[in-house]
Amino acid sequence: MAPRKRPEAQKTPNVAARLRSKRSPRELEPEAKKLRVKGSGSSRRYDSGCLWAGLASLQVPPPSSSIVRALHQYKLGKAAWPSLQQGLQQSFLHSLASYRIFQKAAPFDRRATSLAWHPTHPSTLAVGSKGGDIMLWNFGIKEKPTFIKGIGAGGSITALKFNLLNTNQFFASSMEGTTRLQDFKGNTLRVFTSSDTCNVWFCSLDVSANSRMVVTGDNVGHVILLNTDGKELWNLRMHKKKVTHLALNPCCDWLLATASVDQTVKLWDLRQIRGKASFLYSLPHRHPVNSACFSPDGARLLTTDQKSEIRIYSASQWDCPLDLIPHPHRHFQHLTPIKATWHPRYNLIVVGRYPDPNFKSCAPYELRTIDVFDGSSGKMMCQLYDPESSGIISLNEFNPIGDTLASAMGE
């Protein structure tokens, strides 16, 4: 479908998927310079259409060396595996610089609040909204996305996870006061947790298929562990305030990370939980924390605060950050919290930028870009931006094979 200009009354796109552009980074670079001079402004109005292009990279990495040559050197024993991996990463970064938005959707009348990729179908993702709506979107087919209507105000979907034991189902936590299992038709198959009061709701969720357990956190600091049959194993107040994010280590799912607005991230051994003081490590932060995500190999932990800092911790010394990356992503009440995530195959971090005039390195007319950092050096490797999608990109996540980036606007 060719791009169409929409009437003013239509919704603004709040979800987009990105792939490589046919245009080279060098061709796009002059446009990026023009955009930096003009500035993005704060308008949330932009043209709509199912298929569109025009992504400009603001920082273009140098061309990488030949992957065929790198593989040949590795086969001959003249290059170590880390060297080959670095070469592959450089090649990916070179292609990432030319990514463009190729599909977008505007399914919600409220902002997007959560996003999850299907584990076995790399063209399918689920997106939740502030109003409790959920979109199941397979952008590889022409059919309309599946839309599950929410309750409206007070129904915000705070976390989504597909069920690895049955990939036609997904788990969802919400401000409605439940953590539940649903199918693609919107039927509720099981309610794991339910609040009896409107003052308590669930903010975070993770699931282990191997251990068949579900863990969820609420807005007053409780973390609840259940098995997938719905039996509660324990319910403890692990933080003083809202538990914003939960993550089970992908390689040893007994290791749990919890993030909170009480300015801490805590690591727990689920085999040895005896009370709120039985954490392995408590990692203090300067500001409330939006998220804590383990790397795909489980050896590192990535945290995003609500101000201007991204931290990387290593399993070799969990209690001391390996790197601190200054980055503007301040938070306010009506913005979906910005969360940094890992690339599934490369040592790269992706996060949305919300320019802050009080940030030390803030430039005039700074754009609301999607920033990509090297996970080893903390160096900025690439920035993605589209002038027709200039809102604050709160959620960014690559699909499981790492070739498509889904982005959701959080305002």
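Positions are given from 1 along the sequence.
Residues P387 and Y385 have side chains in contact (heavy-atom distance under 4.5 Å, counting atoms from C-beta outward). Within the 4.5 Å cutoff, the side chain of Q263 has no heavy atoms near those of the K241 side chain. In this structure the side chain of R353 reaches within 4.5 angstrom of the side chain of P328, judged on heavy atoms. Looking at heavy atoms from C-beta onward, K161 lies in side-chain contact with D206 at the 4.5 angstrom threshold. By the 4.5 Å heavy-atom criterion applied to side chains, L283 and L301 are counted as neighbours. Contact annotation: the side chain of M380 approaches that of D371 to within less than 4.5 Å [non-hydrogen atoms, C-beta and beyond]. In this structure the side chain of D374 reaches within 4.5 angstrom of the side chain of Q89, judged on heavy atoms. With contacts defined as side-chain heavy-atom distances shorter than 4.5 Å, the pair P288/K242 does not qualify.
Taken from CD in E411 to CG in L335, the straight-line distance is 7.0 Å, to the nearest 0.5 Å.
Of the residues listed (H239, K240, H285), the one engaging D262 in a side-chain hydrogen bond (donor to acceptor under 3.5 Å, both in side chains) is H239, and it is the only one. Each of V200, T244, V243 was scored for a side chain to side chain contact (heavy atoms under 4.5 Å, CB included) with N219, with one residue passing: V200.
Classification of the H118-F162 ring pair by plane angle, with boundaries at 30° and 60°, yields tilted. Taking the six-membered ring for Trp and thresholds of 30 and 60 degrees, F147 and F108 have ring planes inclined between 30 and 60 degrees apart. Using cut-offs of 30° and 60° for the angle between ring planes, the W268 and F279 rings count as perpendicular.
Heavy atoms of other residues, nucleotides or ligands lying less than 6.0 angstrom from CZ of R237 number more than 12. Applying the 6.0 Å contact sphere to NZ of K266 captures more than 12 heavy atoms from other residues, nucleotides or ligands.
Side-chain contact of S394 with T336: a donor-acceptor pair under 3.5 Å is absent, judged by distance alone. Using modelled atom types, one finds no donor on one side chain facing an acceptor on the other under 3.5 Å when comparing H121 with T167. For the residue pair T304/H329, the side-chain donor-acceptor check at 3.5 Å is not satisfied. No hydrogens or angles considered: a donor-acceptor pair under 3.5 Å links the side chains of N347 and R300.
Between Y281 and Y313, the ring center distance fails the sub-6.0 Å criterion.
Looking at W137, its side chain never comes within 3.5 Å of a backbone N or O of V127 through a donor-acceptor pair.
Qualifying side chain to side chain donor-acceptor pair (under 3.5 Å) partners for N187, counting only residues two or more places apart in sequence or in other chains: D183. By the salt bridge (Lys or Arg N to Asp or Glu O under 4.0 Å) test, D218 pairs with no residue at all, sequence neighbours left out.
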